[in-house]
Amino acid sequence: MGSTVSTQVQKRKAVSTERKVLCDLKESCGCDFHGCDYCPPDRKAWMAGLGPEKLHVNQIVWPGTHDSATNKIGIPFVSRPFAQCQSLSIYRQLVLGTRVLDIRVQEDRKVCHGILVAYSIDVVIRDIKKFLSETEKEIMILEIRTEFGHQDPPDFDKYLVDQLGEFLIHQDDHVFGKTIQELLPRRIICVWKPRKSPHPKSGDPLWSAGYLKDNWIDTDLPSTKFDGNIKHLSDQPPVSSRKYFYRVENTVTPKADNPIVCVKPVTGRIHEYARLFISQCFAKGCADRLQVLSTDFIDEAFVDACVGVTHARIEGKA
């Protein structure tokens, strides 16, 4: 018992120390970066606002959500606080400006987070179609994976193509150098990551797992995650020469050996430092590698930061 208490005290101290590191860095360096003052006039149609004819796919800093379909996960006030990473529906996230979705599914086509289950994937598809029907020039990355510990839903690739076929941008390395206008009227890059089912191939309507990469750092310590994200991002080639999307997740994960295991207060340790992260990317010379930036509980400030860098790239300032 004594050793457990001691461990938890040490964990609290470590969290407090690492939060202070980021707070001090913010105070000393600030959060300015190219495009930091830009605010899209319409977040729902921010790509259209930037000019689809001049916005290239590899110029975009894509605002993404981590565990996107968890707004209704589990049982309210019971299991939900331990798995909920977003409070908005898929449709509301897209309207807010989100352009990368991270969807986890299980055998029966329900979205899930670990062992906890939410609604049918049909709800996600319906929200996406609603958003696409209300906009004309927004494209998105839809990542769907079979959650760890679960089996692939039967014939799920066929289901995705049947549901989204008219919107799907086919797997093709040339997409990265194209403008949004050149991809229209197709609107979705759908990355399907099954566990055992066949993976998509070149030319298929769906994209294979290798086209959306990341380096997941499993920690609840904010400075450890922040520094690790910088390091892994620095190891990537610049977006101008990459033929895959690379994601950085501005999140931390609840750990069982910490007295606080609900998602929101834990991920809140790093949530406010997204703009600091972008500014440090510029300071450390790796901003040209920044591409997909994801978060828990996405908000306007996060979207504006990503769109701001994108705007600066179009203007030749970043």
Side-chain angles (χ1 to χ4, degrees), residues 42-48 62-76 79-80 83-114 116-147 150-171 180 183-194 197 200 204-207 212 292 294-300 302-303:
D42 182 5
R43 294 186 185 92
K44 183 176 181 179
W46 64 261
M47 289 183 174
W62 304 72
T65 50
H66 166 244
D67 259 311
S68 306
T70 53
N71 58 308
K72 300 290 186 181
I73 198 81
I75 302 171
S79 57
R80 185 170 298 171
Q84 184 182 34
C85 300
Q86 306 297 330
S87 57
L88 301 176
S89 68
I90 295 299
Y91 172 73
R92 296 308 308 172
Q93 290 175 42
L94 292 169
V95 168
L96 186 69
T98 301
R99 294 295 178 267
V100 180
L101 297 174
D102 159 24
I103 308 296
R104 325 285 178 90
V105 295
Q106 59 174 21
E107 299 87 344
D108 60 1
R109 295 185 182 174
K110 286 187 177 180
V111 295
C112 59
H113 185 180
L116 296 180
V117 177
Y119 36 71
S120 166
I121 189 65
D122 293 339
V123 175
V124 174
I125 300 298
R126 187 162 59 245
D127 275 8
I128 290 172
K129 286 182 174 179
K130 180 180 179 182
F131 172 75
L132 294 179
S133 73
E134 296 173 354
T135 57
E136 295 181 355
K137 299 184 177 180
E138 306 303 297
I139 68 169
M140 59 180 292
I141 300 172
L142 171 62
E143 178 198 36
I144 305 187
R145 71 177 91 171
T146 302
E147 179 68 305
H150 292 280
Q151 299 299 314
D152 299 327
D155 299 319
F156 196 66
D157 53 348
K158 184 177 184 300
Y159 166 82
L160 290 173
V161 174
D162 287 346
Q163 291 292 319
L164 299 171
E166 64 181 301
F167 301 111
L168 295 175
I169 299 166
H170 289 217
Q171 184 181 148
I180 302 301
L183 296 177
L184 297 174
R186 297 186 179 272
R187 313 273 298 278
I188 302 173
I189 295 171
C190 184
V191 182
W192 166 226
K193 297 182 176 181
S197 301
D204 283 356
L206 307 178
W207 294 59
L212 179 55
V292 177
S294 290
T295 187
D296 292 326
F297 302 103
I298 195 164
D299 55 25
E300 292 89 346
F302 185 89
V303 171

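Looking at T146 and Q151, their side chains never come closer than 4.5 Å, going by heavy atoms from C-beta outward. Residues W62 and I139 are in side-chain contact: their nearest non-hydrogen atoms beyond the backbone lie under 4.5 Å apart. Annotation: side chain of Q106 is not in contact with side chain of E147 (no heavy-atom distance under 4.5 Å). In this structure, I121 and I103 have side chains that are in contact, with non-hydrogen atoms separated by less than 4.5 Å. Under the 4.5 Å side-chain criterion, counting only non-hydrogen atoms from C-beta, V100 is not in contact with E143. Considering only heavy atoms from C-beta on, R187 stays 4.5 Å or farther from E166 through its side chain. In this structure, F302 and D299 have side chains that are in contact, with non-hydrogen atoms separated by less than 4.5 Å. Under the 4.5 Å side-chain criterion, counting only non-hydrogen atoms from C-beta, V161 is in contact with L168.
Remark: side-chain polar atoms of Q86 are paired, donor with acceptor, to backbone N or O of H66 under 3.5 angstrom. Put simply, the side chain of Q171 never gets that close to the backbone of D204: no donor and acceptor are under 3.5 Å apart.
One finds a salt bridge joining D102 and R145 here, because a Lys/Arg side-chain nitrogen approaches an Asp/Glu carboxylate oxygen to under 4.0 Å. Taking the charged nitrogens against the carboxylate oxygens, D122 and R126 have no contact shorter than 4.0 Å, which rules out a salt bridge.
In summary, the side chains of T65 and Q93 do present a donor paired with an acceptor at a separation below 3.5 Å, with no hydrogens or angles considered.
Open room surrounds NZ on K72; 12 or fewer heavy atoms of other groups in view lie less than 6.0 Å from it. A 6.0 Å sphere centred on NZ of K110 holds no more than 12 heavy atoms belonging to other residues, nucleotides or ligands. Within 6.0 Å of atom CD in E134, more than 12 heavy atoms from other residues, nucleotides or ligands are found, so the atom counts as buried in its surroundings.
For the pair K130 and Y91, the cation sits on the ring face: its NZ or CZ lies under 6.0 Å from the ring centre, inside 45° of the axis.
Shown are I90, L142, I298; of these, the side-chain contact (heavy atoms from CB on, under 4.5 Å) with S68 is made only by I90.
Distance check: L183 CG to I189 CD1 gives 6.5 Å after rounding to the nearest 0.5 Å.
F156 and W192 have tilted rings, their planes meeting at an angle from 30° to 60° on a 0 to 90° scale.
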